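All remarks here apply to the structure that follows.
The figures here come from the full heavy-atom set of this structure, side chains too, leaving out hydrogens, waters and symmetry mates. To find a chain, count down the sequence lines: A is the first, B the second, and so on, and within it residues start at 1. Just so we're clear, the structure is a prediction, and the values are computed from it rather than from any experiment.
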Amino acid sequence: MSIFEYNGSALIAMVGKNCFAIASDRRLGVQLQTIATDFQRIYKIHDRLFLGLSGLATDAQTLYQRLVFRHKLYQLREERDMKPETFASLVSAVLYEKRFGPYFCQPVIAGLGEEDKPFICTMDSIGAKELAKDFVVAGTASESLYGACEAMFKPDMEAEELFETISQALLSSVDRDCLSGWGGHVYVITPTEVKERILKGRMD
Amino acid sequence: MKLDTSGLESSAPLFGSSNELIDGISAGPSFEIPDTMDFDGFQKEAVQMVKPAKGTTTLAFIFKEGVMVAADSRASMGGYISSQSVKKIIEINPYMLGTMAGGAADCQFWHRNLGIKCRLHELANKRRISVTGASKLLANILFSYRGMGLSVGTMIAGWDETGPGLYYVDSEGGRLKGTRFSVGSGSPYAYGVLDNGYRYDMSIEEAAELARRAIYHATFRDAASGGVASVYYVGPDGWKKLSGDDVGELHYKYYPVMPSTVEQEMVEVAGA
């Protein structure tokens, strides 16, 4: 198994009507052994910007800490929060700095930009940005996730329907992957509120 | 290298022509031997492709009332779950069970082959084969294919004239007699629960619950185990399937979701 499959992870971000949802699994493992079932993969950068990091857990944690540091400096200098598009470029630059000794992570960035327009993007481990209008996925179950999202996604879903769709896509995909699952963590973000929910999934 | 090909003999000759072959000693079809001196190395690539990772959890133990056999039902190919409903407890004959760990094809074929040989023994000797004898037959066949890439980690459990019998047989040629075994990547977790709760004098229901819990705990911790926890009982009248519970539901039965105290309540924000 490759280094990306050492810890196991699954991430989705989906766009709805003036809202977005980002979801992850909750397993932390060391190859086949499950160590924790409450591991956090999605981090809040600010109220309207969330970052999910899949891949090697130690690199995900370190990368998150570096990015939070850069964002806090930005906040001090510019006296405002970063726009999601700007943050995506920052992540891409930070990853490419380590081009010949990369962080073994795949980030998923989701946020609300100007005029509450949702923005999602994902990157490979050396910073190649992939902007999408509908959904992005990452992790060991990514092939299953692509299939499930493609089948279940509809444009312009409201927050509740978006929550149902992203949850079903996540749970059905991780049920076909040994290394991710053990529950789910879903954030649904609208211009007025952030709703965090834990999913009851198969614990095998 | 003389392989034990008795397992592959059939009474009908292949081409029906050569008379010297049908003389009571039938040399039937056998696996072709590769044209190489390096038997251990040449198959490395092929073996890697099949990836015999033994990703499973199976267990069996002897107790006062007989033998309890349990297994999960997940088949994995690397990280991908290829099936959640594999039958890992193989019914060799009405009073003997075999468990499957390792290569599915290898286990299924050789267990069925063992069933054939056990039946032939019954017909030739007018009595059932013992568990000792059956496990020895299988172990000898697997030993003769040692180094050729077979992956089998099986337990033969049965009830014969001497009472309950349990043997562990693997593709390296090992054969062990014992009272408690667990095989597969989830076996350390199953052993923990099994060793803790085991008593010789348990009732059938208690033993079944212990076996079920051990499999459940292994499916929780081991990524390569999961699906359905099947539990079989082997007694003086033969084997009987006791239960097949989905481990996803078992988790919430053993650890039900409790309503937790609300720390922070979210309220709808009026307007934007």
Side-chain angles (χ1 to χ4, degrees), chain A residues 1-2 4-10 18-19 25-38 47-48 112 115-116 139-145 147 159 171-183 187-204, chain B residues 48 51 53-57 72-85 184-189 192 215-229 245-260 262-272:
Chain A
M1 288 197 206
S2 81
F4 285 98
E5 294 167 22
Y6 188 74
N7 293 123
S9 52
N18 289 337
C19 63
D25 73 320
R26 303 189 80 204
R27 176 182 183 266
L28 175 73
V30 168
Q31 292 189 317
L32 289 180
Q33 181 179 55
T34 305
I35 306 290
T37 54
D38 56 0
D47 277 327
R48 292 153 66 96
L112 282 176
E115 288 148 30
D116 297 338
T140 47
S142 56
E143 281 131 354
S144 294
L145 284 165
L171 288 178
S172 59
S173 306
V174 301
D175 281 349
R176 272 289 176 182
D177 181 29
C178 296
L179 302 169
S180 53
W182 277 257
Y187 290 82
V188 179
I189 293 94
T190 58
T192 49
E193 64 169 357
V194 170
K195 244 201 177 111
E196 182 189 336
R197 288 182 182 98
I198 310 269
L199 297 176
K200 216 173 98 163
R202 283 186 69 94
M203 306 295 261
D204 66 353
Chain B
Q48 277 305 101
K51 267 213 177 143
K54 295 207 181 121
T56 187
T57 310
D72 74 314
S73 70
R74 177 174 288 183
S76 48
M77 295 188 327
Y80 182 67
I81 297 173
S82 38
S83 173
Q84 290 267 60
S85 50
S185 58
S187 61
Y189 313 108
I215 294 287
Y216 155 73
H217 278 283
T219 60
F220 180 73
R221 280 290 172 179
D222 180 35
S225 306
V228 168
D245 299 289
D246 185 302
V247 296
E249 280 150 41
L250 275 184
H251 173 87
Y252 293 106
K253 192 177 123 202
Y254 294 143
Y255 300 104
V257 180
M258 298 292 178
S260 57
V262 178
E263 282 165 55
Q264 281 181 323
E265 190 123 345
M266 275 190 299
V267 186
E268 284 286 336
V269 175

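A donor-acceptor pair is defined here as one N or O able to donate and one able to accept, closer than 3.5 Å; no such pair exists between the side chain of D204(A) and the backbone of G248(B). Without hydrogens or angle criteria, R221(B) side chain to Q33(A) main chain gives no donor-acceptor distance under 3.5 Å.
When all heavy atoms of D177(A) and G79(B) are compared, the closest pair comes out as OD1-O, 3.0 Å. What you find for I81(B) and D175(A) is that their closest heavy atoms are CD1-O, 3.2 Å. Minimum interatomic distance between W182(A) and A223(B) (heavy atoms only, all atoms of both residues): CH2-CA, 3.9 Å.
Remark: S76(B) OG to R176(A) CZ distance equals 11.5 Å, nearest 0.5 Å.
For Y216(B), no part sits under 4.5 Å from any heavy atom of chain A, backbone or side chain. With a 4.5 Å cut-off on non-hydrogen atoms, S180(A) does not touch chain B at all. With a threshold of 4.5 angstrom between heavy atoms, Y255(B) does not approach chain A through any atom at all.
The residue among A141(A), G29(A), G201(A) with the most heavy atom pairs within less than 4.5 Å of chain B is G201(A).
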Practice item. Begin with the C-alpha distance, continue with both residues' side-chain angles, and end with the deciding distance and a verdict on side-chain contact (heavy atoms from CB on, under 4.5 Å) for R202(A) and V247(B). Key: CA-CA 8 Å; R202(A) 283 186 69 94; V247(B) 296; 3.8 Å; yes
